[in-house]
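Hydrogens, waters and symmetry mates play no part in the numbers below; they use all other heavy atoms, side chains included. Labels below follow one simple rule: chain letters A, B, ... track the order of the sequence lines, proteins then strands, and each chain is numbered from 1.
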There are 2 protein chains.
Amino acid sequence: MDVRTICLGILTRGDATGYEIKKLFEEDGYEHFVEASFGSIYPALNRLTEEGYVSVRSEAQEKRPDRKVYSITPAGRTAFVASLLKPLPEDRHRSPFVFAMLFADLLPGPRVTAMLDAYIHQIGEKLAHLNARVDASKSSGERFVADYGRTVYEATLNFLRTHRAEIEKQQPAQAAE
Amino acid sequence: MDVRTICLGILTRGDATGYEIKKLFEEDGYEHFVEASFGSIYPALNRLTEEGYVSVRSEAQEKRPDRKVYSITPAGRTAFVASLLKPLPEDRHRSPFVFAMLFADLLPGPRVTAMLDAYIHQIGEKLAHLNARVDASKSSGERFVADYGRTVYEATLNFLRTHRAEIEKQQPAQAAE
DNA sequence: GTTTGCATGTAAACGGTTACATGATTGG
DNA sequence: CCAATCATGTAACCGTTTACATGCAAAC
């Protein structure tokens, strides 16, 4: 899902500035499945404006750059829905952690333990973040996705906690053949 | 995790050609967490060779390009382990499907149903693929990762099957406000 | 007779990130 | 006093994908 489509999607829920769109990514539970940086959001919004999928109004501010508030246009709404109706790209899950676990036997035991601890902690944080904002979900889709995230994170944590010994009990090994 | 590191990792398990590395990605359960195309693998192997992390021997073949069989060198092994010892990049999960579900209320009901069916089928396939090769896992890490994948896929399927009604019971809606 | 598998590689295009530039205000 | 928040934007860089080029053999 490219940044343009993501911006359009967020704007179907209400007007926002580029800055706010970025915040919504990080705070509103979107960050588990999509991400984007300012370097891609601002150009995307400019292009969407040129194409007529969004409109802008500038709100002058003192001592700060003008806020540029974007609204999705009817054409934008149509284009957004159309992009969801055509075949979706496949999921991409890239997990350096899981990749590393594949080679646990080449790593020192304590390092594997530390990696597991760190990863479990990290997932725990994400789960806590999701639980912290149960209330805020408005549409049925948002609630569904939040519950989905919770379920997956919980299953992950549970697996890691109950199975970690299987790769930890290796004695510290050097990268030997 | 970049393609170079992934190639190095695969080569710790035995010699392989670029072509075979690609196959291993797809067949050996790696594809759930990492991916790469020929267009990135071949240049990566050339660069690794220049840097001394892998060595090549050419096996002449009639009527086909020579097989270039790559082996990891001691320096490559050291570099690979070192790359796993430094802080790992965070996971990236990008799921166009989940993103689309966030906007289920903007889509026609039957379409949401079709998307759920397709996704459930797709995850089911991945799970089946993983189950089909339980035996082949050699290291404890490989077994651990395969079990991890199974657990997560099963939890996902279970959630989708038991909660799909929550976004399906919407009546067919137009993209209206 | 067409598709799939084997086998390597290049070039252009793409999408995105990172770092930089600018700068006031508020909270710790 | 420093960090974070607000606010937009550009440019260089990066890794990767896609499409192309080549071509035989075996399976369907």
Side-chain angles (χ1 to χ4, degrees), chain A residues 1-8 10-11 15-27 30-31 33-51 54 56-70 83 88-94 96 99, chain B residues 1-10 15-27 30-31 33-51 54 56-70 83 87 89-94 96 99:
Chain A
M1 221 80 274
D2 54 28
V3 176
R4 302 177 72 241
T5 308
I6 295 165
C7 288
L8 238 29
I10 289 178
L11 291 174
D15 297 355
T17 65
Y19 190 84
E20 286 164 353
I21 288 173
K22 178 85 194 303
K23 294 285 107 164
L24 286 168
F25 273 40
E26 287 159 7
E27 287 160 25
Y30 294 98
E31 84 278 18
F33 312 105
V34 290
E35 46 191 331
S37 60
F38 287 130
S40 55
I41 291 172
Y42 288 123
L45 288 169
N46 285 328
R47 219 185 113 195
L48 288 167
T49 307
E50 281 166 32
E51 293 168 340
V54 303
V56 210
R57 56 173 191 283
S58 267
E59 292 180 359
Q61 299 194 124
E62 282 160 34
K63 316 284 189 180
R64 267 187 207 164
D66 293 358
R67 275 164 60 85
K68 295 172 80 172
V69 184
Y70 293 89
S83 75
L88 299 174
E90 283 227 347
D91 287 10
R92 283 183 182 202
H93 293 225
R94 299 191 167 212
F99 178 76
Chain B
M1 220 83 272
D2 56 29
V3 176
R4 301 177 74 240
T5 309
I6 294 164
C7 287
L8 238 28
I10 289 177
D15 297 355
T17 65
Y19 191 86
E20 285 164 354
I21 288 173
K22 178 85 193 305
K23 294 285 107 166
L24 286 168
F25 273 40
E26 287 158 10
E27 287 161 25
Y30 294 99
E31 83 280 16
F33 313 104
V34 290
E35 46 191 329
S37 61
F38 287 130
S40 55
I41 292 171
Y42 287 123
L45 288 169
N46 285 329
R47 219 185 112 195
L48 288 168
T49 308
E50 280 166 33
E51 293 167 341
V54 303
V56 210
R57 57 174 190 282
S58 268
E59 291 180 1
Q61 297 193 124
E62 282 158 36
K63 316 284 188 178
R64 267 187 208 164
D66 292 359
R67 275 165 58 85
K68 294 172 80 172
V69 183
Y70 293 89
S83 74
E90 283 227 347
D91 287 10
R92 282 182 181 202
H93 292 227
R94 298 189 169 214
F99 178 76

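Here the nucleotide nearest the side chain of A/K68, chosen from D/dT8, D/dC6, D/dT10, is D/dT8. In this structure, of C/dT8, D/dT16, D/dA7, it is D/dT16 that holds the atom nearest to the side chain of A/R94. Set against C/dA7, D/dT8, C/dC6, the side chain of B/R67 has C/dA7 as its closest nucleotide. Looking at the side chain of A/Y42, the nearest of the listed nucleotides C/dC6, D/dA7, C/dT18 is D/dA7. Checked against D/dT16, C/dA7, C/dG16, the side chain of B/V3 finds its nearest nucleotide in D/dT16. Closest contact between the side chain of A/R92 and the listed nucleotides D/dT17, C/dC6, D/dG9 involves D/dT17. Looking at the side chain of B/Y19, the nearest of the listed nucleotides C/dG5, C/dG9, C/dT17 is C/dG5. Closest to the B/F38 side chain, of the nucleotides C/dG15, D/dG15, C/dT8, is C/dT8.
Place A/S40 and B/Y70 on DNA chain C by their nearest nucleotides, and B/Y70 ends up nearer the 5' end. The nearest heavy atom of DNA chain C to A/S37 and to B/T17 marks one nucleotide each, and the one closer to the 5' end goes with B/T17.
Using modelled atom types, one finds a donor on one side chain and an acceptor on the other under 3.5 Å when comparing B/D2 with B/T5.
Taking atom NZ of B/K22 as the reference point, atom P of C/dA7 lies 14 Å away to the nearest angstrom. In this entry the distance linking CZ of B/R4 with P of D/dG15 reads 9 Å, nearest Å. Rounded to whole Å, the distance from CG on A/D2 to P on D/dT17 is 16 Å. Rounded to a whole Å, the CD atom of B/E59 is 14 Å from the C1' atom of C/dC6.
Two residues are said to be in side-chain contact when any heavy atoms from C-beta on lie closer than 4.5 Å; B/R4 and B/L48 meet this criterion.
Salt-bridge check for B/E90 with B/R92: failed, with every basic side-chain N at 4.0 Å or more from each acidic carboxylate O.
Closest approach of A/C7 to A/I21, counting heavy atoms only: SG-CG2, 4.2 Å. B/Y19 and B/Y42 get closest at one heavy-atom pair: N-OH, 3.7 Å.
Nucleic acid contact class of B/G39 (heavy atoms, under 4.0 Å, all strands): base.
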